[in-house]
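Just so you know, these numbers come straight off a predicted model, no measurement behind them.
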Amino acid sequence: MPHFIARKQLESSASKLDSMPYAYKLDSIRSSNVALIAVPYVYQNKPRLCFVYEITRANDVLLKGVKSLRPIPSGLLKNALQALSKHYDVLHENLAHTALKQDIDSPFLLSDGEIVELLESSQDTYSQVFVEIGFGSGRHIVHLAKEHRDALVIGLEIHTPSVEQVLRQIEILGLENLYISCLDARQFLHAAVSDSVGQMFIHFPVPWNSAKNRRVLNDALLQEVMRVLKQTGSLEFRTDDREYFEDVLALAQANQYASFRHTINAKQSITSKYEARWLAQEKDIFTITITPNAKTPPRDSREIGQKCGFRFDKKLVKSTLAKASSDCFAHLWEKRRFAQGFLCVYNAFISRAQDRVAFLVHFGDFQYPCTRLIVLECIEIAGVLEYQGQYFPEPPLQSHANAQAHELFINILEKL
């Protein structure tokens with residue numbers, strides 16, 4: 001990940017940030033050598049904030065992006081760190097822009113909420129919808145978009161270089177029907193409307209045979225896939241790993257909503273990078289095609305109609321800032337469970353002027369968790385002090401578990 005290392009400073013870096021509009025620094029409540037720095041940037045013509053850790057070590061200071069909050073493409077984080085590095089005596093950095101794809105400013109890279117909204121609005125706009133989970137080098141998903149220009153093609157990928165590479169291909173080839181998101185596939189499917197996708201693809205995922213709980217395709221995800229697929233739709237799963245193949249066969253056999261067929265070494269219209277590698281090694285390629293049967297998987301009624309604005313009352317923000325201290329937050333670190341999920345506050349950060357406090361929070365359904373930074377702040381707007389709170393990089397997706405976690409967090413703040 002992009003970072004730089006600097007000499008330890010006698011002068012606080014917080015005072016040096018005064019020359020960077022909208023930048024600010026917060027000190028960790030849990031770790032005296034850790035701080036959180038917000039650095040402004042612009043992407044897709046929108047002002048945003050990038051969050052960076054400042055970690056003071058024995059002989060130097062390390063500055064790097066917060067992994068769960070980092071912006072993509074990676075050039076955005078590099079630009080933010082380069083701007084920040086001007087306020088430090090830098091010893092080492094890896095902030096050079098090594099490829100054009102790291103600087104893509106693309107309207108085809110969508111946020112969590114935007115990709116779900118696109119799927120919801122696509123039914124009357126496109127002839128059909130394709131979704132590929134973990135598209136890797138992008139050969140297959142780009143081929144889909146080129147061959148089906150009247151279809152909506154959605155790609156989900158958490159590997160930054162893969163995202164950057166496909167965004168570059170979209171630009172070069174002039175594709176206007178291929179949209180990318182870094183949203184976890186579990187969260188996407190959980191939020192997606194039923195009977196909305198024609199075909200899904202999961203090609204050559206990591207087998208994780210020694211840690212099967214980390215696999216992309218498991219029983220819970222297959223259940224959501226069957227719900228989201230149209231009755232005429234299908235999921236194509238491909239792997240070179242026999243154990244994973246046999247386990248997915250067993251999943252399909254046990255699922256009352258699924259029918260399936262499988263082949264070995266079936267020819268494809270496009271060969272992915274990984275498939276070419278396995279074929280060169282003379283490995284077998286296993287394909288399982290899973291389709292919904294006449295039954296329809298039910299959607300949990302608790303999710304239907306559940307709406308939450310994920311807002312923070314101004315009075316609550318004001319009272320939290322007034323009480324914010326290490327002693328006040330000492331009990332926050334306990335993991336809290338409730339009927340549909342959990343809430344875990346990893347860390348809290350506070351400004352020296354106590355006009356801002358931030359909480360790094362992991363929460364939601366155990367099957368579909370997410371991580372966000374919650375920032376409560378007092379800022380001056382047109383000469384008037386305003387108290388506000390928001391989630392970064394964006395509010396979580398609408399779900400019963402996320403809404404419950406939000407309400408639980410508010411209750412915790414009210415009891416401080």
Side-chain angles (χ1 to χ4, degrees), residues 1-9 13-14 16-17 20-31 33-44 46-57 60-99 101-106 109-112 157-165 167 180-184 345-351 356 358-362 369-375 390-394 396:
M1 179 183 291
H3 68 278
F4 69 86
I5 297 172
R7 296 185 194 278
K8 296 177 73 171
Q9 305 177 95
S13 59
K16 292 187 175 185
L17 295 178
M20 294 182 67
Y22 308 110
Y24 57 82
K25 179 180 177 180
L26 309 172
D27 295 314
S28 169
I29 295 293
R30 301 193 73 177
S31 305
N33 67 322
V34 176
L36 187 69
I37 301 176
V39 185
Y41 71 98
V42 175
Y43 187 65
Q44 297 174 348
K46 295 180 181 178
R48 306 169 191 259
L49 285 178
C50 170
F51 291 92
V52 173
Y53 277 136
E54 180 192 70
I55 303 172
T56 302
R57 306 188 295 193
D60 54 34
V61 180
L62 169 66
L63 289 103
K64 63 178 185 177
V66 180
K67 186 174 181 180
S68 57
L69 307 174
R70 69 188 188 279
I72 294 174
S74 58
L76 299 173
L77 177 55
K78 289 184 176 183
N79 289 340
L81 287 169
Q82 283 175 347
L84 188 59
S85 69
K86 296 176 182 179
H87 303 273
Y88 291 79
D89 184 2
V90 177
L91 299 173
H92 169 77
E93 51 87 5
N94 68 343
L95 305 180
H97 290 246
T98 55
K101 60 190 180 184
Q102 294 179 343
D103 294 311
I104 293 285
D105 189 339
S106 173
L109 177 61
L110 302 185
S111 67
D112 297 0
E157 178 61 71
I158 61 173
H159 184 235
T160 301
S162 296
V163 171
E164 293 171 345
Q165 183 168 322
L167 288 176
I180 304 301
S181 177
C182 303
L183 176 61
D184 187 303
V345 181
Y346 282 149
N347 207 340
F349 306 84
I350 186 169
S351 65
R356 283 189 179 89
F359 304 90
L360 188 60
V361 184
H362 192 53
C370 62
T371 300
R372 293 291 190 275
L373 186 73
I374 298 173
V375 178
Q390 57 185 315
Y391 285 85
F392 287 94
E394 64 178 308

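For the atom pair CZ (Phe392) and SG (Cys50), the distance works out to 11.5 Å, reported to the nearest 0.5 Å. Atoms CD1 and CG, from Ile350 and Asp27 in turn, are 9.0 Å apart once rounded to the nearest 0.5 Å. For the atom pair SG of Cys182 and CD1 of Ile158, the computed distance is 9.0 Å after rounding to the nearest 0.5 Å. In this structure, Thr160 OG1 and Ile72 CD1 are separated by 3.5 Å, a value rounded to the nearest 0.5 Å. How far OG of Ser106 is from CD1 of Ile180: 8.5 Å, rounded to the nearest 0.5 Å.
Residues Lys8 and Thr56 form a side-chain contact, since some pair of their non-hydrogen atoms from C-beta on lies under 4.5 Å apart. Looking only at side-chain heavy atoms (C-beta outward), Pro71 and Phe51 stay at 4.5 Å or farther from each other. Contact of the Ile37 side chain with the Leu63 side chain is registered, since non-hydrogen atoms from C-beta on lie closer than 4.5 Å. The side-chain heavy atoms of Asp105 and Gln44, taken from C-beta on, include a pair separated by under 4.5 Å. In this structure the side chain of Leu373 never reaches within 4.5 angstrom of the side chain of Val66, judged on heavy atoms. Side-chain contact check for Pro393 versus Leu69: some heavy-atom pair is nearer than 4.5 Å. Side-chain contact between Asp103 and Lys78 is absent, with no heavy-atom pair separated by less than 4.5 Å. Glu54 has its side chain out of reach of Leu84: every pair of non-hydrogen atoms, C-beta onward, lies at least 4.5 Å apart.
The two residues His362 and Thr371 come nearest to each other via the heavy atoms ND1-OG1, 2.8 Å. Residues His87 and Ala83 share a closest heavy-atom pair of CD2-O, 3.6 Å. Contact detail for Leu167 and Pro73: the closest heavy-atom pair is CD1-CG, 4.3 Å. Nearest approach of Ser111 to Glu394, heavy atoms of both residues: CB-OE2, 3.3 Å. Shown here for Tyr24 and Val375, the closest heavy-atom pair between the two residues is OH-CG1, 3.8 Å. Smallest separation of non-hydrogen atoms from Leu36 and Ala358: CD2-CB, 4.5 Å.
A donor-acceptor pair under 3.5 Å links the side-chain atoms of Glu164 to the main chain of Ser74, judged by distance alone. Checking side-chain atoms of His3 against main-chain N and O of Met1 turns up a donor-acceptor pair under 3.5 Å. Tyr22 contributes no side-chain N or O that, together with a main-chain N or O of Arg48, makes up a donor-acceptor pair within less than 3.5 Å. Formation of a donor-acceptor pair under 3.5 Å by the Ser28 side chain with backbone atoms of Arg30 is found in this model. Judged purely by atom type and a 3.5 angstrom limit, Gln82 uses its side chain to pair as donor or acceptor with the backbone of Leu95.
Checked against Tyr41 for a side-chain contact (heavy atoms from CB on, under 4.5 Å), the options Leu49, Leu77, Leu76 give a single hit: Leu76.
Atom CG of Leu91 has more than 12 neighbouring heavy atoms from other residues, nucleotides or ligands inside a 6.0 Å radius.
Side-chain contact annotation: Tyr88 with Glu93, donor-acceptor N/O pair under 3.5 Å absent.
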